[in-house]
Amino acid sequence: MNKVYVTTAIPYVNGAPHIGHAMDYCLADVYARYRRLCGDEVKFQAGVDEHGNKIFQKSKELGLPVADYVKENAEKFMDFVEKLGVSYTDFIRTTDVDHERRCQEIWRRLSDHIYKAKYEGWYCSGCERFITQKEYDENNGVCPDHQKPYEKLVEENYYLRIADFKDQIRGAIESGEMSVLPEFRKKEVLKLLEESPDVSVSRSVEQLTWGVPVPDDDSQVMYVWIDALSNYITILGYPDSDISEWWPAAAQFVGKDILRFHAIIWPAMLIGLGLPLPKVLLSHGFVLADGQKMSKSIGNVVDPIEVLDRHGLDAFRYYFLRHVDTFADSDFTWEKFEDAYNNELANDLGNLVQRLATLAMKNDVKLVEEPKFEMDAGYVELMDKFEFSKAFDYAWDKVQNLNKRIDEEKPWALAKNGETAKLQNCLRDLICGLLNVNYMLSPFIPGTTEKIFEIFAGGDIKPPRTPLFPKH
RNA sequence: CGCGGGGUAGAGCAGCCUGGUAGCUCGUUUGGCUCAUAACCAAAAGGUCGUUGGUUCAAAUCCAACCCCCGCAACCA
């Protein structure tokens, strides 16, 4: 039995959970459940990133103490994770005192690679903060809140010397010691790595108050990276305790937008700390709304809660794990979602369960012994390559095949002809087939597979009172 | 000349690396079945594979040029 550690990206909690977060959680959850199926012990992290100016300002706008505001948001995300049926074992908030203290220790241990230098950036004196180049461009150089042009401001910050680690990071990625998935992202990362400058890892307290203080320098506060990325190991107890039982992580799941930080800054930190790199860094794509990126300004944002409420959790997981490609961007439309629900969940799987259960009941078939389950080699191969949506396809093909077999073997005809023994065998075979597919589907739609197991493996078989996926 | 992905039946995609009768899912049409959630099974129709040129006995697949979409470009998953 292996010990397996799986992580998700920690969302910045200045807004409501959205579909992108759900993708990250669901993919990590499938992997965690799969590894448990393989007999491994899994530690599964989830959490929230709670520092930074945006959060601080938002709480001020709302007139709430910042501690209350972040707590409220953390709970929102915790609820969301629960709602998605994510089998996490640990939840981290970056405002946990243990995390903050451990971050400071991590900073100290990295101090050989940290130096002080001038930071130059666009600044709004109204907002009292630095803004990104992107924000600058979007607003044409004028702060929309204060109608004042941004000014160039220079201050002293700490920098992490990425240059110290480039060769080792490149080596780890190229050799597969840290495998970056999918392949096309790996190429991107290697290219980015070459031109990656040192990163600014602190801000002056005048600019940033809501963050972890830099040790031994009252004038500086940590700026996102060391604070946020450290969460993956501080939650394991680093550096207070030995984490080698769980670290390196078997897989870390991130969105494509933050891959670069996880593939460059994070490995740099780990190498600096003398820790091994995660075995797999998986970057998933975005969910598009009818071909377009979801954005508030376009107004095409799909609320995950609304999707969840439509047909329940497993319909949600089904769509986002099968019809949304594990690696590439994919589309969500309500029409596609409804089609998948009706044609696949209801007609393929739901109906299969219904007809088999009815056949078993009418002909008094039950399983004499607990069936043994096996994962097909093809399925295992895909799962091990993190090709989750393809593995799901693989299993679904078996569902459709069972429907085909029922038609071919015509158990109702055997019943009519009084071929009882043949009938019993036939149905038992089909049921075992279903339960075996069910087993392979369990990382994806665990609620449903549990119900199916109970229907067929619990003695007397009868169809569920209400269909698994009622049509609307 | 920033980087990357893509243009294949009405829709969504696979095939391209390792050239050789163009495949899958949904939708449409027809037939079959009756255990089942008007569900299931089978068959059919439907494509000059973005454009042009080249290599080759043979190109969706290799090469060149061009056209058109869409992402990313220091913190939006």
Side-chain angles (χ1 to χ4, degrees), chain A residues 8-12 14-15 17-25 27 49 52 54 121 130-135 137-138 184-185 187-188 191-192 195-197 199-200 223-225 228-229 253-262 264-265 283-288 291-297 301 304 322-323 325 327-331 333 335-336 339-340 342-363 390 393 396-397 400-416 423 427 430 463-464 466-472:
Chain A
T8 56
I10 52 173
Y12 196 59
N14 65 343
H18 61 75
I19 280 193
H21 301 123
M23 274 309 295
D24 204 56
Y25 292 137
L27 291 170
D49 176 12
K54 279 190 187 164
F130 282 101
I131 57 135
T132 62
Q133 184 64 44
K134 185 177 178 183
E135 215 172 335
D137 292 343
E138 273 172 4
F184 66 89
R185 294 280 177 226
K187 284 184 202 149
E188 268 176 36
K191 192 155 212 165
L192 273 168
E195 40 205 56
S196 194
V199 274
S200 162
Y223 175 64
V224 64
W225 306 123
L229 292 166
F253 292 81
V254 300
K256 66 174 185 181
D257 58 328
I258 52 171
L259 174 66
R260 46 173 49 208
F261 314 120
H262 285 79
I264 297 171
I265 304 175
S283 147
H284 61 257
F286 282 6
V287 178
L288 308 176
Q292 268 190 312
K293 190 165 175 176
M294 292 184 198
S295 90
K296 281 181 193 156
S297 48
V301 176
R322 179 152 188 243
H323 291 298
D325 188 278
F327 300 114
D329 291 356
S330 305
D331 217 25
T333 65
E335 196 190 350
K336 284 182 185 178
D339 280 352
N342 286 319
N343 297 331
E344 296 163 24
L345 281 173
N347 294 352
D348 289 347
L349 182 59
N351 184 49
L352 172 65
V353 166
Q354 206 74 17
R355 62 199 300 216
L356 258 186
T358 306
L359 280 165
M361 183 178 67
K362 286 189 177 168
N363 297 294
K390 290 200 173 80
D393 283 344
W396 206 263
D397 190 59
Q400 290 172 316
N401 198 257
L402 283 165
N403 272 320
K404 191 182 294 187
R405 271 181 60 194
I406 296 179
D407 273 67
E408 281 166 4
E409 296 177 22
K410 306 190 199 322
W412 53 89
L414 296 177
K416 208 175 265 178
L423 173 66
L427 287 179
L430 288 165
T466 47
L468 290 180
F469 300 101
K471 286 217 189 178
H472 296 281

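Note that the structure is predicted; figures quoted are calculated from it, not measured. Chain letters run A, B, ... following the sequence lines, proteins first, then strands; residues in each count from 1.
Between A/Arg185 atom CZ and B/rC3 atom P the separation is 17 Å, expressed in whole Å. Summarising the geometry, the separation between CG on A/Asp257 and P on B/rA73 is reported as 8 Å, rounded to the nearest angstrom. Atoms CG (A/Asp325) and C1' (B/rG5) sit 12 Å apart, rounded to a whole Å. Distance, A/Asn14 CG to B/rC76 P: 8 Å, rounded to whole Å. In this entry the distance linking NZ of A/Lys390 with C1' of B/rU25 reads 15 Å, nearest Å. What separates CZ of A/Phe253 from P of B/rA77 is a distance of 19 Å, to the nearest Å. A/Leu288 has its CG atom 13 Å from the C1' atom of B/rC76, to the nearest Å. Rounded to whole Å, the distance from OH on A/Tyr12 to P on B/rA77 is 11 Å.
Close to B/rA11, at under 4.0 Å from its OP1 or OP2, lies no side-chain N or O of A/Lys336.
A donor-acceptor pair is defined here as one N or O able to donate and one able to accept, closer than 3.5 Å; such a pair exists between the side chain of A/His284 and the backbone of A/Val254. Checked by atom type and distance alone, the side chain of A/Asp49 never pairs as donor or acceptor with a backbone atom of A/Ala228 at under 3.5 Å. Checked by atom type and distance alone, the side chain of A/His21 pairs as donor or acceptor with a backbone atom of A/His18 at under 3.5 Å. Proximity of a side-chain donor or acceptor of A/Asp329 to a complementary backbone N or O of A/Gly285 within less than 3.5 Å is not detected.
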(message) Please evaluate residues A/Glu188 and A/Arg185 with respect to the criterion salt bridge (Lys or Arg N to Asp or Glu O under 4.0 Å), reporting the C-alpha separation (whole Å), side-chain torsions for both, the decisive distance (0.1 Å), and the verdict.
(response) CA-CA 5 Å; A/Glu188 268 176 36; A/Arg185 294 280 177 226; 3.1 Å; yes
(message) For a side-chain contact (heavy atoms from CB on, under 4.5 Å) check, start with the C-alpha distance between A/Phe286 and A/Asp257, then their side-chain angles and the critical distance, and finish with the verdict.
(response) CA-CA 9 Å; A/Phe286 282 6; A/Asp257 58 328; 3.8 Å; yes
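Of the P atoms belonging to B/rC26 and B/rC72, the separation is 32 Å, rounded to the nearest Å. Rounded to the nearest Å, the gap between the C1' atom of B/rG23 and that of B/rG47 is 12 Å. Between the P atoms of B/rA22 and B/rG46, the separation comes to 14 Å (whole Å). Taking atom C1' in both B/rU37 and B/rU21, one finds a spacing of 41 Å when rounded to whole Å. The same atom, C1', is picked in B/rG10 and in B/rG5; the two are 25 Å apart, to the nearest Å. Taking the C1' atoms as reference points, B/rC1 lies 14 Å from B/rA65, given to the whole Å. A distance of about 37 Å separates the P atoms of B/rA58 and B/rG2, rounded to the whole Å. Between B/rU29 and B/rA39, the distance separating the two P atoms is 13 Å to the nearest Å.
For the pair A/Asp24 and A/Asp329, both in contact range of RNA chain B, the more 5′-proximal nearest nucleotide belongs to A/Asp329. In terms of position on RNA chain B, the residue among A/Ser196 and A/Phe286 whose nearest nucleotide sits closer to the 5' end is A/Ser196.
At the heavy-atom level, A/Val199 lies under 4.0 Å from base atoms of the strands shown. Using a 4.0 Å heavy-atom cutoff across all strands shown, A/Gly255 reaches sugar-phosphate atoms only and no base atom. Across all strands, A/Val287 comes closer than 4.0 Å to base atoms (heavy-atom distances). When heavy atoms are screened at a 4.0 angstrom cut-off, A/His21 is found touching the sugar-phosphate backbone but no base atom. At a threshold of 4.0 angstrom between heavy atoms, the contacts of A/Pro197 include nucleobase atoms, whether or not backbone atoms are also involved. At the heavy-atom level, A/Gly285 lies under 4.0 Å from base atoms of the strands shown.
Annotation: the span from A/Ile406 atom CD1 to A/Leu427 atom CG amounts to 8.0 Å, rounded to 0.5 Å. Atoms CG and CD, from A/Asp393 and A/Gln400 in turn, are 9.5 Å apart once rounded to the nearest 0.5 Å. To the nearest 0.5 Å, the span separating CD1 on A/Ile19 from CG on A/Leu288 amounts to 11.0 Å.
Within the 4.5 Å cutoff, no side-chain heavy atoms of A/Asn363 are placed close to those of A/Trp412.
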(message) Let me check I have this right: for RNA chain B, each base becomes ., (, ), [, ] or |, based on Watson-Crick or G-U pairs with both distances under 3.5 Å. What is the full string?
(response) .(((((((.[[[[.)....(..]]]].(((((.......))))).....[[[[[..)....]]]]])))))).....
Would you mind writing out the side-chain donor-acceptor pairs for residues 349-362 of chain A within the sub-3.5 Å range, not counting sequence neighbours?
unit_1: A/Arg355; atom_1: NH1; unit_2: A/Asn403; atom_2: OD1; d: 2.8
unit_1: A/Arg355; atom_1: NH2; unit_2: A/Asp407; atom_2: OD1; d: 3.1
unit_1: A/Thr358; atom_1: OG1; unit_2: A/Gln354; atom_2: O; d: 2.7

(request) Using a 4.0 Å heavy-atom cut-off, write out nucleotides 35-40 of chain B from 5' to 3' as B (base contacted by protein), S (sugar-phosphate only) or - (no contact). (result) BBB-SB
